[in-house]
Amino acid sequence: MGQVVAQNDRLIDEAVERLSERAFAFLELLVAARSDLGREAEAQEVVAAELARLGFDVDRIELPPDVNDLPGAGVSTVPSAGRPVVVGRRSGHGRSLLLNGHVDVVPPNADDLWTAAPFEPVRRDGWLQGRGAGDMKAGFAMATLAVEALLEADPAAIAGPLSFVSVIEEECTGNGTLATAHAGVLADAVVLPECTGLELLLSGIGILWVELELRGRAAHAHTGKGVNAIEAALPLIEALHDLERELNEGAEGGPFVTNVGTFTGGDWQSSVPALATVGVRVGFPPPLTPAEAAERVTAAVGDRARIRFNGFRAEPYALPPDHELARAVARAHESVLGSPPGAMPGTATTDARFYLNQFGVPALCYGPRARDIHGIDEAVELQSIVDGARVLARFVRDWLRP
Ligand SMILES: [Zn+2]
């Protein structure tokens with residue numbers, strides 16, 4: 001038996017190696033299909049074509065109009081038409097598995113600061129650079145490489161149902177994943193190949209998105225009169241950081257970061273600005289709920305600004321480290337890389353939370369090694385895609401074994 005498994009492992013490894021260049025080319029295609037919020041459709045078609053090539057039955061599901069009302073939903077603000085979630089299914093019998101990735105990427109921040117155009121992938125020193133290369137298009141390349149290698153090396157091993165979901169809005173609401181789960185796309189376990197540096201990521205903190213609108217009173221600068229909306233925002237930001245300190249006090253599993261991510265205001269240097277808008281991400285610890293976190297934010301802001309909750313209302317989540325799913329992925333990792341995987345601290349959120357919190361389905365993240373995600377010159381290490389695919393292929397084989 002041991003010998004058979006060893007031989008099977010070797011066939012999988014060889015197939016991963018042989019097919020890796022193809023997977024990198026798929027990743028380049030996917031990075032080049034710019035997919036920030038509202039324009040995910042082209043990238044979704046790239047994924048759909050790849051899933052069809054691998055023999056998945058491919059469907060497209062649009063977010064329902066009432067998605068914001070589902071328990072656990074974030075607040076979607078972009079119309080859902082023409083931005084479907086892509087679902088690939090392979091039928092089978094026995095224990096099932098779902099792979100979940102998101103094609104949406106965050107904006108490039110400042111194109112001029114990149115060493116190459118953000119949506120023109122470049123390879124350099126074993127890394128592939130581009131917005132979304134790490135978060136998380138490399139995960140798609142890793143997962144499709146694993147599936148293709150397994151189909152080549154050991155087609156009978158994929159006995160149980162295997163599905164692949166490619167979602168939108170992971171970076172702002174999670175509503176893509178939530179909508180597909182409500183549409184019945186579920187399984188006995190879910191793996192999300194987010195870039196975790198080949199570590200296990202089992203948990204996430206609470207995240208709330210808040211937009212504050214401050215109203216001042218416009219005037220000519222020379223009068224010394226008026227009320228400056230931009231300057232009024234500064235003490236308000238300080239108040240939110242005071243709340244951040246409170247939320248972090250004595251809480252484990254942090255830091256729970258409050259980040260001012262957007263700021264707009266004013267339209268003329270010699271005019272007192274009448275309007276300023278501040279977009280904030282508030283991280284919060286369990287056992288707080290998004291509603292309780294929203295109350296804390298509302299109290300901190302008082303009547304100094306209008307508050308709009310415009311994205312994440314993410315609950316904290318956690319998969320126990322000794323769960324069968326975590327142990328199975330860890331076993332596959334150790335069999336490839338010789339030692340158990342590290343544990344990545346969960347100080348952000350992922351779509352795994354819906355499977356765990358709303359549907360009682362075990363879920364975790366495991367994927368390649370990236371650098372500067374959400375930053376400048378984001379990149380993924382190509383070898384980590386290959387190593388991760390070897391791990392994932394072994395895990396899929398063992399999880400879906402007849
Ligand atoms: Zn991600």
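We count ligands from 1, going down the list as the structure has it; atoms in each ligand are counted the same way.
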For the Zn ion (ligand 1), decide whether [X] has an N, O or S atom at a distance under 2.8 Å.
X	answer
Glu170	no
Glu171	no
His102	yes

message = Which atom name does Asp135 have for its N/O/S atom nearest to the Zn ion (ligand 1)?
response = OD1
query = What N, O or S atom of Glu194 is found closest to the Zn ion (ligand 1)?
reply =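 For Glu194, the N/O/S atom sitting closest to the Zn ion (ligand 1) is OE1.
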inquiry  = How close do Leu382 and Arg123 get, counting heavy atoms only, and between which atoms?
reply    = CD1-CD, 3.9 Å
key: Listed partners of Arg296 passing side-chain hydrogen bond (donor to acceptor under 3.5 Å, both in side chains), at least two apart   = Glu246
ask   = Can you list every ring pair (Phe, Tyr, Trp, His ring centres under 6.0 Å) pair that touches residues 113-154, not counting sequence neighbours?
value =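 Residue pairs passing ring pair (Phe, Tyr, Trp, His ring centres under 6.0 Å), neighbours aside: Phe140-Phe164.
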task = In plain terms, say whether Arg131 and Asp377 are close enough for a salt bridge, that is, a side-chain N and a carboxylate O under 4.0 Å apart.
result = no
task = Give a yes/no verdict on a cation-pi contact between Arg95 and Trp399, requiring under 6.0 Å between NZ or CZ and the six-membered ring centre and an angle within 45° of the axis.
result = yes
